[in-house]
Amino acid sequence: MPEKIIADKTAKDSFSSSSAKQKILAFSSLIILLIVFSFASPNFFQSNNLIAIMLATAVNGVLAIGVTFIIITGGIDLSVGTMMTFTAVMAAQFVANWHMPVMVGVLVAILAGMLCGFLSGVMVAKLKIPPFIATLGMMMLTKGLSLIIAQSKPIYFTESPTFALIAMGSIFSFIESFKIPNAVLIFFALAIVASIILNKTIFGRYTFAIGSNEEAVRLSGVNTDRWKIAVYAFSGAICGIAGIIIASRLNSAQPALGPGYELDAIAAVVIGGTSLSGGEGTILGTVIGAFIMSVLTNGLRILSVPQEWQIVVTGVIIIFAVYVDMLRRKRSK
Amino acid sequence: MAEPLISVRNLNKSFPGVHALKDVHFDLYPGEVHTLVGENGAGKSTLMKVLAGVYQKDSGEILINGKPVEIPNPRAAQRLGISIIHQELNLMNHLTAAQNIFIGREPKKYLGLFLDEKQLNSKTRELFSLLKIDFDPRVKIGELTIAKQQMAEIVKALSFNAKILIMDEPTAALNEIEIEELFGIIRHLRSQGVGIIYISHRMDELFQISDRITVMRDGQYIDTLKVSETNLDHVISLMVGRKIYESAPQIDLAVNRPVVLKVSGLNQGKTLKNVSFEARKGEILGFAGLMGAGRTETARAVFGADPIDSGEILVNGKKVTIRHPSDAVRHGIGYLSEDRKRYGLAVGMDIETNIALASMQSFTNFGGFINTKATQKAGSDMIQKLSIRTPSLSQKAKYLSGGNQQKVVVAKWLIRNCDILFFDEPTRGIDVGAKQEIYKLLNELAEAGKTIIMISSELPEILRMSHRIVVMCEGRVTGELLASEATQEKIMKLATQRESMVKTAQ
């Protein structure tokens with residue numbers, strides 16, 4: 001008997017160390033990328049460029065945080081990009097066209113995202129439509145609605161200059177050398193809150209549990225359908241936040257924007273070590289994943305690598321990251 | 001006797017086309033282990049699912065402590081103090097043991113917004129200490145052995161203050177020592193007045209653990225017997241309700257039979273150490289040992305499924321190199337996994353396809369087209385030869401009974417002209433009647449000149465079927481016994497002969 005207990009302990013230790021290894025691996029790849037680009041180009045490690053990287057990470061990072069929750073439940077969401085655009089268009093409709101206060105626009109965007117997410121969740125949990133198909137439908141639906149509402153033209157926030165400040169202003173602007181845009185601060189704050197929700201609350205616990213073994217959770221008397229819907233609605237609300245950030249950054253709602261963002265978000269989640277089969281994942285990993293993608297894009301651009309090749313390199317990185325993750329999983333077994 | 005905890009009266013349940021339960025009776029008293037036996041399809045699981053609120057009864061009465069009750073869903077069953085531990089454990093592998101046990105009832109703090117992990121773990125520790133279970137509740141459940149996972153399930157069941165515990169084949173995946181531990185827990189619960197309904201296909205266990213046995217057959221209640229007043233043969237005859245195939249124990253084979261497979265000095269990391277054995281034509285060679293002794297690993301290594309560090313394999317006296325299962329198959333070696341559904345069958349495909357699957361090349365015309373006439377003929381030949389019970393060749397494998405599925409896997413290898421067949425736990429999860437048919441099949445294959453290597457954790461099965469028995473422990477072969485000299489005690493002694501003990505003895 002004592003022999004067995006020791007065996008269990010070592011199993012646990014090797015497991016936690018291997019999961020820590022993965023985080024260190026992702027983090028050190030990020031550091032290596034930063035170092036390599038810094039040596040390759042003197043323009044890379046400049047505060048302006050670093051802020052540009054963070055700003056570029058903010059939108060994808062926020063979307064990826066929402067998608068992390070969905071992927072941990074074992075689902076997938078293809079609609080986050082167009083859903084984000086839809087919430088931006090809704091905010092623009094209220095603020096720019098109907099002259100409502102900026103605050104109303106923010107609330108409308110978050111509620112619109114929540115509603116779309118809620119509908120995806122109902123389709124997945126109640127109608128039992130596979131998440132891939134349900135959110136594919138939601139992607140087309142929100143894309144079409146965005147174009148209809150905006151009449152296929154961008155809506156500009158010319159009359160409400162405060163809207164642009166949401167993302168591009170800086171609450172630290174009084175410190176001259178530390179003008180980090182609010183968009184980046186929102187992203188970081190959201191990451192911290194999301195991480196606490198995922199690890200310390202019942203919502204997070206059921207997110208993991210459903211991804212691990214949904215039937216077991218259901219048989220334990222938990223209303224899994226309701227929690228699944230909640231996860232999709234939560235992710236939708238986060239799309240609303242991303243919608244506000246991007247509309248504020250562009251000072252307009254661009255109805256044709258959106259497709260492609262969902263795949264970038266999924267890529268960031270996967271690079272960050274969250275398993276597509278559900279049950280495990282971290283917000284920190286996702287944040288690092290999002291940074292790896294934007295550092296790569298930014299660095300390659302500074303080195304004048306053609307944009308087409310940037311995409312190729314990103315593709316290779318994603319495949320490599322998932323392969324490394326699978327190796328790790330195999331070994332930890 | 002005291003009042004029964006649970007009484008089932010005239011219970012009926014039908015599914016489209018099947019009358020699954022017909023006027024079934026059942027009583028469970030406090031502090032009793034009441035075992036339910038019957039072949040697959042006898043209605044045991046259906047009855048248990050009705051009690052656990054998974055299915056609804058059509059008619060009849062369920063009384064708990066003398067009062068009639070309705071059990072519309074699993075939650076209601078929990079509230080009535082009924083907990084069920086399913087054969088396939090329902091656990092969330094990514095969560096810890098404590099998190100699994102309290103899923104849906106997590107203690108909270110800070111206005112209920114946050115989880116109280118500390119209290120969760122200490123509550124679990126309390127429950128563990130009540131049952132004298134000793135492992136860290138913070139370990140991820142997926143990292144634990146099946147035996148420990150099962151204990152966590154039992155703790156979960158009891159944390160609902162269950163007075164009635166239903167266990168569906170709890171020992172199917174446990175080794176002898178783990179089974180003893182489980183029985184210890186069951187006896188402890190019994191002494192606390194918990195009533196336990198126990199389902200098992202392992203007949204040798206019934207008499208160890210039960211107080212009473214209820215036999216079911218074809219959805220009908222047959223009889224309830226006191227363990228002290230009955231015997232195994234009687235129970236089996238009630239279960240199958242017909243004469244079953246009885247094979248006499250094997251006699252020693254003549255030593256001059258040709259050696260078909262000779263394995264020597266097989267090494268593989270820490271799992272296999274210098275494993276050597278021989279198997280003769282027409283012989284059933286039993287592989288006995290505790291779980292983790294390296295029996296399956298030996299079979300997989302010989303079959304080329306896992307790489308080896310060193311070792312020699314001779315087939316019909318010629319040295320062969322086996323790096324991949326396809327090499328093994330070319331040399332006439334087949335391996336039948338213990339997990340038929342996962343490794344042996346394409347369960348969603350029909351019998352004909354499954355039988356032809358390993359030898360598709362020989363059924364393919366020039367141009368890559370499948371000669372369906374040939375596969376049909378091969379399929380129907382095999383159905384006859386092995387008497388596979390199925391309505392047609394196009395029946396999907398998943399709708400066959402466990403025994404018939406096993407036969408389809410055998411057919412697959414026979415078509416491939418395999419003369420050496422490894423059977424890994426051939427009767428796991430198969431009921432008594434079908435077991436006899438598998439035994440008959442093994443004997444017939446051996447008589448036809450095939451070499452059978454049978455891995456089994458059930459000693460009675462090993463003793464009855466093998467001409468010769470190889471015993472393993474911790475990756476080493478610790479002994480070899482002839483059918484005429486083998487006994488349970490001798491096998492167990494060899495199976496527990498640990499390396500450290502050997503060293504100190506020397």
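We name chains A, B, ... by the order of the sequence lines, and we start the count at 1 in each one.
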Between B:Lys118 and B:Asp116, is there a side-chain N and carboxylate O pair less than 4.0 Å apart? no

Side chain to side chain donor-acceptor pair (under 3.5 Å) partners of B:Gln119, counting only residues at least two apart: none

Pairs flagged by side chain to side chain donor-acceptor pair (under 3.5 Å) wherever residues 62-73 of chain A is involved - sequence neighbours left out: A:Thr68-A:Thr286

Any donor and acceptor pair, going by atom type alone, linking the side chain of A:Asn182 with main-chain N or O of A:Ile171 inside 3.5 Å? yes

Pairs in or reaching into residues 206-216 of chain A: which pass salt bridge (Lys or Arg N to Asp or Glu O under 4.0 Å), with residues at least two apart or in two chains? A:Glu214-A:Lys228, A:Glu215-A:Arg218

Ring centroid separation A:Tyr232 to A:Phe69 under 6.0 Å: no

Is B:Leu113 in contact with chain A via its backbone, its side chain, both, or neither, using a 4.5 Å heavy-atom distance? backbone

Heavy atoms only, distances under 4.5 angstrom: which of B:Asn93, B:Asn100, B:Leu91 has the most pairs with chain A? Name it, please. B:Leu91

Can you list the residues of residues 118-133 of chain A that sit under 4.5 Å from chain B, counting heavy atoms only? none

Does A:Arg205 make a cation-pi contact with B:Phe102 (under 6.0 Å, within 45 degrees of the axis)? no

The interface call for A:Tyr206 against chain B, heavy-atom contacts under 4.5 Å, is side chain

